[in-house]
Amino acid sequence: MRLHIIPALMLLIALGCADRGQPSPKSHDRLVIAVVPKATTFDYWKSVHAGAAKAGKELGVEILWKGPLSESDREGQINVVQDFVTRRVSGICLAPLDSQALVGVVHEAKAEGIPTVLYDSGLESSADVVSSVATDNRAGGALAAQRLGEILGGKGRVIVLRYAPGSQSTEHRESGFLETMHTGFPAIEIVSDTEYAGATAESALDKSQQLLEKFGGQVDGIFTPCEHVTEGMLRALQERELAGKVKLVGFDASPRLERALLDKTLNGLVLQDPVRMGDLAVRTLVAHLKGQTVEPRISTGETLATPENLDTPHVKTLLHPEQLAE
Amino acid sequence: MTTRQAIGEVAGPLLGLAAVVAFFAASELGWGLYKGCVREGRSAQAVFSGYESRFCTAQNARTVLVQTATVAAASLGMTLLIVSGGIDLSAGTALSLSATVLAYVLKLGQPVGLALLACVLTGALAGAVNGALIRTLKVAPFVVTLGTMTFYLGLAKLIASETTVRPPLERIPDWLPALVAPRPRPTWLILPAGVWFVLGLTLVMEILLRRTVFGRHVVAVGSNETAAHLSGIHVGRFKVTVYALAGLLVGVAGVLQFARLSIGNPTSGLGLELRMIAAAVLGGASLRGGRGSMLGALLGAGIMSVIASGCTMIELRNPIQDMIIGVILIATVLLDHLRRARR
């Protein structure tokens, strides 16, 4: 008798969910674009959302915004993309959390006739995507190297504190930085480029403290490839009263880093343009859906902020990007 | 336990699942009507005639089942432990440890069969270690597995050299990701092979729990350990076996997670232990031991997946989704409690 439960259960599912075959891609003419960020609890993604929402309004398409519950939740992001495929949205803009884990689900989407535009980060195989809209991270790293090389006068010892292995965007920043340092400033010695700061503000601070403990008096310049690592290193420098003496160039904006630029304890900050990224991702996808050909790679630009150019309007907008809170 | 009681055990979670499905189907319709009539100014009749539910489709049912498979497989083990009066907080990190081992063995260039075996055995071994520690140290399972939780996390990070293990995609055979792809291959399977596998596993575990001597011992130890001991069960040794078996299921869940992610990440299981426990409890398991249902745990895991998927369909934001799952967890346990009290 007990075994009857399972067939009964399946009948229930079958009754409630009769297979209607391939539903039509849209029930009326308005396009529906799903925009999937890496997480929803960081300011950066709120700025992407603002850009996407603005583009949606101007183009007359509906924007659905939903991300995984945390920035390490790969399975959660796969689920969200699958749910949007099932919901039969017109297309998906995706910032993949992992360059390998999301390959399969993008392929599934394509097989169901739903195109994907990647933004912010890439995938190992871009065979199934329409276009990638992102910061040129190598160029951003090169910009940072140029700045640090110049303020050090082309000589001295430099540390690169990396973010995390397997994160494509920051790895490109690090290698762009190192390449430009080697070719442009051969007299500068890289004393450490093998340490990783990790994903949290706490681990970044710990690692920065350890590095300064080890190289304390013998380092002249430091490059950090993203916001929380820059903040961690800045704080470690302040604790040892080295801030300003050791030149620091970082990546991405935050109010604390802006203040550090003002009092010159931070010497340069490479800024991305998340609002423009969200905007261009949606526009590229809509152009593709309307049958236009689109570029496979679209750069959203990178800008160096320094204590000297803080007041220019362009840098000001990038330091205080628009944010959309639902 | 009689058949009637067994059906009674599952009635609660079954009703719960039906309720959340009905809730989201109705909300989707309501939301569609609101958007069509109020925002786009079309007549209700026009909206109705063009209305197609995305939530109530076979495709969505398959997608939700695939999304449930990993947690469901591991929650069978968790239910076994809870019925026996134990708990395993390390199940989440043991799951990602198993998946990391799988990825690592594949990356070394070893055959897939060996990698899968290593994954399942890692899970079983992690479980056995928990059981052995609980037996020899005589410390509460909650505390022991709280410790092994971070230990397994560290071990996985060590194996992965603090990164993500990425076996080359060509080393992963096509059938492995196909196990949990929402469109089954071949199509006559109706459901993806991985989902059938978990359904079969649930049935096997249900029979094991209800119809075998082993199952009766699990209930006996969970109901009253002293009485079980006096009736001749070697409780210490028995616990090690139960934990190892639960760990084996965690290892199987590790295979399913790897099939979805195609990578081994040491942190990918963090927090899953709470979802396994929630699935077991939603399915009618009592944290005091002695009571629980495998089919119930499967339904419990399904309820959580339906909520997550339904929230995406009707455009509810993440904070609301988190809160809904919390409320439903408490409500289900409360309703179950009331139902039992009336009897």
Side-chain angles (χ1 to χ4, degrees), chain A residues 1-6 8-10 12-14 16-24 27-28 30 34 40-41 62 64-70 72-76 78-80 82-88 98-105 108 111-112 124-125 164-166 196 198-199 326, chain B residues 3-4 6-7 10 14 18 21-22 25 36 40 42 50-52 54-67 70 161-164 166 169 177 181-183 199 202-203 206 210 257 260-263 265 267-268 270-271 295 299 305 308-309 311-313 315 317-319 321-322:
Chain A
M1 175 111 189
R2 182 181 57 242
L3 300 183
H4 291 216
I5 294 166
I6 288 185
L9 180 64
M10 293 193 44
L12 195 80
I13 295 173
C17 303
D19 200 342
R20 293 171 194 161
Q22 196 84 335
S24 58
S27 47
H28 50 102
R30 202 164 179 227
T40 47
T41 50
E62 189 179 345
L64 302 180
W65 173 265
K66 173 124 181 158
L69 299 176
S70 87
S72 63
D73 186 7
R74 294 168 172 80
E75 217 170 347
I78 292 177
N79 292 350
V80 169
Q82 280 181 341
D83 289 341
F84 278 130
V85 170
T86 313
R87 198 176 182 272
R88 310 241 19 114
D98 188 286
S99 59
Q100 187 165 336
L102 272 296
V103 170
V105 76
E108 278 169 24
E112 301 278 330
E124 250 163 55
S125 144
Y196 288 94
E326 278 177 296
Chain B
T3 309
R4 260 189 105 118
I7 293 174
V10 194
L14 197 58
V21 169
E40 289 161 24
R42 296 185 294 156
Y51 180 76
E52 263 180 68
R54 306 289 191 224
F55 182 74
C56 280
T57 60
Q59 181 59 17
N60 192 36
R62 280 193 288 258
T63 308
V64 168
L65 284 169
V66 157
Q67 294 171 354
T70 308
S161 23
E162 279 183 80
T163 167
T164 302
R166 300 166 186 281
L169 284 173
R183 283 222 178 268
L199 289 176
T202 310
L203 209 58
E206 191 75 77
R210 305 223 181 271
Q257 193 188 50
R260 294 199 81 201
L261 298 181
S262 76
I263 52 158
N265 182 281
T267 60
S268 63
L270 275 175
L295 215 50
L299 293 168
S305 294
S309 150
C311 285
T312 308
M313 297 284 167
E315 295 156 41
R317 292 148 48 203
N318 283 346
Q321 179 182 325
D322 288 334

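Since the structure is predicted, the reported quantities are computational estimates derived from the model, not experimental observations. Labels below follow one simple rule: chain letters A, B, ... track the order of the sequence lines, proteins then strands, and each chain is numbered from 1.
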Open item on the list: For a side-chain contact (heavy atoms from CB on, under 4.5 Å) check, start with the C-alpha distance between A:T86 and B:V64, then their side-chain angles and the critical distance, and finish with the verdict.
Closed with: CA-CA 10 Å; A:T86 313; B:V64 168; over 6 Å; no
TODO: Give the intermediate values and the outcome of side-chain contact (heavy atoms from CB on, under 4.5 Å) for residues B:M313 and A:L64.
DONE: CA-CA 10 Å; B:M313 297 284 167; A:L64 302 180; over 6 Å; no
- [ ] Any chance you could lay out the side-chain contact (heavy atoms from CB on, under 4.5 Å) test for B:S309 and A:Q82, step after step, and finish with the verdict?
- [x] CA-CA 9 Å; B:S309 150; A:Q82 280 181 341; over 6 Å; no
Open item on the list: B:Q67 vs A:D83, test: side-chain contact (heavy atoms from CB on, under 4.5 Å). Steps then yes/no.
Closed with: CA-CA 10 Å; B:Q67 294 171 354; A:D83 289 341; 3.2 Å; yes
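Counting heavy-atom pairs closer than 4.5 Å to chain B, the top residue among A:D98, A:V103, A:D73, A:T40 is A:D98. Among B:T164, B:T70, B:N265, the residue with the largest count of heavy-atom pairs under 4.5 Å with chain A is B:N265.
Taking each heavy atom of B:T312 and A:V80 in turn, the nearest pair found is CG2-O, 4.5 Å. The shortest non-hydrogen separation linking B:R166 to A:S99 is NH1-OG, 3.6 Å. What you find for A:P68 and B:N318 is that their closest heavy atoms are O-ND2, 3.5 Å.
Residues B:R260 and A:E75 are paired through a salt bridge, judged by an N-O separation under 4.0 Å between the basic side chain and the carboxylate. Between A:E112 and B:R183 there is a salt bridge, with a side-chain nitrogen of the basic residue lying less than 4.0 Å from a carboxylate oxygen of the acidic one.
For B:A25, no part lies under 4.5 angstrom from a heavy atom of chain A. Of the two parts of B:S305, neither the backbone nor the side chain holds a non-hydrogen atom closer than 4.5 Å to a non-hydrogen atom of chain A.
In this structure, OG1 in B:T63 is found 13.0 Å from CD1 in A:I78, a value given to the nearest 0.5 Å. Here the straight-line distance linking atom CZ of A:R88 with atom OG1 of B:T57 works out to 9.5 Å at 0.5 Å rounding. We find the OG-CG distance between B:S262 and A:L102 to be 9.5 Å, quoted to the nearest 0.5 Å.
With sequence neighbours excluded, the residues satisfying side chain to side chain donor-acceptor pair (under 3.5 Å) with B:Q321 are A:K66.
Panel note: side chain B:N60, backbone A:R87; no donor-acceptor pair is recorded below 3.5 Å.
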